[in-house]
Amino acid sequence: MSDKEPKIQVIIRKRPLNSKEISKGETDILFKTSSNTLVVREQRVKVDLTRYTEEHSFAFDAVYSEDVNNQDLYISAVQPIVSAAFQSAKVTCFAYGQTGSGKTYTMMGEGQTPGLYLLAARDIFEYRNMSFPSIKVSVSFYEIYCNKLLDLLNDRNKLHVREDAKQSVNIVGLVHRPVETVQSLMSIINQGIEKRTTGQTGANDESSRSHAVLEISLKNGKKTVGKLSFIDLAGSERGADVSGSDSKTRVDGAEINKSLLALKECIRALDQEKKHLPFRGSKLTLVLKDSFIGCCRTVMIGNVSPGLFSCEHTLNTLRYSDRVKELKKGGNKDTSNPMMLPRQHSTIVKTQNDEPTKAPSLLYKNGAESKLRSKGLLSPHNNVLTYSAELNMANFTKKHEALIQEIMEKEDDLVKTHKKALGEMPNMYEFEKNIICQVMEPNSDILHYISNVENVINYKDQFNLEMRRKIESLKQALRDEESFSHVINAAKPSIDVFDLEHDDFFENMPIY
Ligand SMILES: Nc1ncnc2c1ncn2[C@@H]1O[C@H](COP(=O)(O)OP(=O)(O)OP(=O)(O)O)[C@@H](O)[C@H]1O
């Protein structure tokens, strides 16, 4: 394995239009223009209702169109790095993208179509049997759901992450199953997949809200000689979902957003060979720390849906992947939230009859432009939100993220306290039973009994008080989060076509 080989490869995979999309009359808006470029034709409408097409062109290491099957994608993008795992590399393959864009299809396959798990498994055992017979293969499979680690090979048992004195990250209690054949590996993976958390979204009923991490370790004796990780990430649009009606969905969404941001930062840092990796930014990157240091090979697959209705999410996936990739060319202004402040790549604007026209930087409805301008929130030179408005929004989003972190910590703490009390209950029960038995004895000491009962009551009062305080504090944090999310929801459609239905948005927004 040469040092000249790129550590990171960012590739894009477009899936075909499905029958549901075809029956709805959806058109394909993605065009592969060369082996590594993809053009998105976004349909837009101006204030005067003229329709025009905006073309966004992106370049990656490779672009795979809808006619490329899993096998071909595997051979060209993943197989080269699978062999590196036998030369001590940490090999990682991510599938990123919107719900329903083909992440699971790529990783797991479907029906008779094998996915990357199976294709890699075949090669792993072939290499092992041919050239490295002493190497033992083992597998672990877990998911990160709502910031919790759950073991998919052990009934979704909750796992804990610890960093030891040598700063190695360990997942305490994670089951590692030794495997000897491709079939046994696949049967274990299938068991894990059945346990995986799925949820409901508008886009795909089976959509996943969790990151699934499959790790295949290669060991010689006790020494790990190589590791392959396949990560089927949660639907990326869930990270931008701050509009869910319940706070659990929002907290969940914010956590996904945080982990995807941290992942992008870690891959960038890895690519730039930075000494400090921001892997503590999320649980996902923390558990993958090992995969970001030393000898690593990473493939990021950005999965995209071709349909018109998926345009916004497709652009977000391409922009995210582009940020990971573009930094390889050196230097980039980062924005704090890839979901909310998208950066244009290369744009050509065409009218419907393909006549080039001037691109409006932003479109505003119902006199919103003058309202914004009068508030000093719109640049006097063009229709771009002023720096202070963007900065305020970015600060606000940061506060929201901190609040969500606080909610998760409070939730954990409350459950921990409750569990501790439950653990003490059997002793308490025995104690109370004893003092009742004693007081029923002839000539019992009633004062002694009273004192014991008082101790029990005091203990329970203290516990109830502590629980009540924790519950109140968590409820307050949830209420605060609700208010934050209202303000963010009001701002959500604002970055592109600014509909100032919520024109009191910036007025209500706290200044930090
Ligand atoms: N390359 C492809 N060729 C043919 N069909 C595909 C392809 N990619 C995806 N599909 C189909 O699209 C649908 C959605 O794909 P998939 O379940 O893999 O999406 P996903 O991104 O994993 O979504 P989720 O986040 O919900 O897990 C599936 O029915 C799958 O069969």
Side-chain angles (χ1 to χ4, degrees), residues 9 11-16 62 64 66-86 89-97 100-133 135-143 151-153 175-198 206 208 210-219 225-234 288 291 297-303:
Q9 290 281 304
I11 64 171
I12 296 297
R13 181 180 206 190
K14 172 193 173 190
R15 70 155 168 80
Y64 295 88
E66 62 274 34
D67 49 4
V68 175
N69 61 30
N70 281 350
Q71 171 100 21
D72 292 341
L73 180 128
Y74 171 76
I75 290 171
S76 72
V78 185
Q79 195 176 45
I81 63 168
V82 167
S83 55
F86 285 86
K90 265 96 60 168
V91 168
T92 313
C93 179
F94 294 97
Y96 176 90
S101 59
K103 300 181 296 296
T104 307
Y105 181 92
T106 304
M107 285 295 188
M108 186 57 199
E110 204 173 75
Q112 296 305 305
T113 309
L116 301 186
Y117 295 160
L118 176 58
L119 294 163
R122 284 180 187 154
D123 277 346
I124 290 166
F125 282 101
E126 201 176 314
Y127 291 136
R128 199 282 302 262
N129 297 343
M130 262 176 19
S131 316
F132 307 93
I135 285 184
K136 298 278 176 217
V137 182
S138 67
V139 59
S140 54
F141 199 12
Y142 56 93
E143 67 176 347
D151 195 340
L152 292 172
L153 302 186
V175 165
H176 296 267
R177 294 256 185 95
V179 276
E180 271 307 312
T181 61
V182 174
Q183 290 72 19
S184 60
L185 177 58
M186 289 313 293
S187 130
I188 290 173
I189 292 174
N190 280 326
Q191 287 165 27
I193 282 173
E194 272 177 29
K195 296 273 175 205
R196 198 175 166 201
T197 306
T198 54
E206 290 288 296
S208 171
S210 68
H211 306 302
V213 184
L214 174 77
E215 282 181 357
I216 302 174
S217 302
L218 308 175
K219 284 195 170 183
V225 292
K227 194 169 85 171
L228 300 103
S229 309
F230 292 88
I231 296 123
D232 185 353
L233 293 164
L288 293 176
S291 307
R297 291 284 180 271
T298 299
V299 173
M300 162 75 82
I301 306 171
N303 290 86

* Dump the intermediate steps for side chain to side chain contact (heavy atoms under 4.5 Å, CB included) on Tyr74 and Arg122, then the final yes or no. => CA-CA 12 Å; Tyr74 171 76; Arg122 284 180 187 154; over 6 Å; no
With distance as the sole test, does [X] use its side chain to make a donor-acceptor pair with the main-chain N or O of [Y] at under 3.5 Å?
{"X": "Lys219", "Y": "Ser138", "result": "no"}
{"X": "His211", "Y": "Ala234", "result": "yes"}
{"X": "Arg297", "Y": "Pro80", "result": "no"}
{"X": "Asn303", "Y": "Ala95", "result": "no"}
{"X": "Arg128", "Y": "Ile135", "result": "yes"}

A side-chain contact here means heavy atoms from C-beta on lying under 4.5 Å apart; do [X] and [Y] qualify?
{"X": "Thr181", "Y": "Phe125", "value": "no"}
{"X": "Ile189", "Y": "Phe230", "value": "no"}
{"X": "Leu214", "Y": "Leu152", "value": "no"}
{"X": "Ile231", "Y": "Tyr96", "value": "no"}

* Under the side-chain hydrogen bond (donor to acceptor under 3.5 Å, both in side chains) rule, collect the residues that match up with Gln79, sequence neighbours excluded. =>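 Partners of Gln79 under the side-chain hydrogen bond (donor to acceptor under 3.5 Å, both in side chains) test: Asp123.
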* With sequence neighbours excluded, residues passing side-chain hydrogen bond (donor to acceptor under 3.5 Å, both in side chains) with Lys227 ->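 Scan of Lys227 (side-chain hydrogen bond (donor to acceptor under 3.5 Å, both in side chains), adjacent residues dropped) gives Asp290.
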* To do: Kindly indicate, with the supporting measurements, whether the criterion side chain to side chain contact (heavy atoms under 4.5 Å, CB included) is fulfilled by Val175 and Tyr142.
  => CA-CA 9 Å; Val175 165; Tyr142 56 93; over 6 Å; no
* **Identified side-chain contact (heavy atoms from CB on, under 4.5 Å) partner of Met108 from the options Leu118, Leu116, Asn190** =>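 Between Met108 and the candidates, side-chain contact (heavy atoms from CB on, under 4.5 Å) is satisfied uniquely by Asn190.
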* Worked check of side chain to side chain contact (heavy atoms under 4.5 Å, CB included) between Ile124 and Leu218 -> CA-CA 9 Å; Ile124 290 166; Leu218 308 175; 4.1 Å; yes
* Asked: Given the rule in the side chain to side chain contact (heavy atoms under 4.5 Å, CB included) test, do Tyr105 and Thr113 qualify, once you have shown the distances and angles that lead to the verdict?
  -> CA-CA 9 Å; Tyr105 181 92; Thr113 309; 3.7 Å; yes
* Asked: Taking all atoms of both residues into account, what is the closest heavy-atom pair of Val78 and Cys93, and its distance?
  ->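 What the structure gives for the nearest pair is CG2-SG, 4.4 Å.
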* Test side-chain hydrogen bond (donor to acceptor under 3.5 Å, both in side chains) on Thr104 and Asp232 and set out the steps. => CA-CA 7 Å; Thr104 307; Asp232 185 353; 3.0 Å; yes
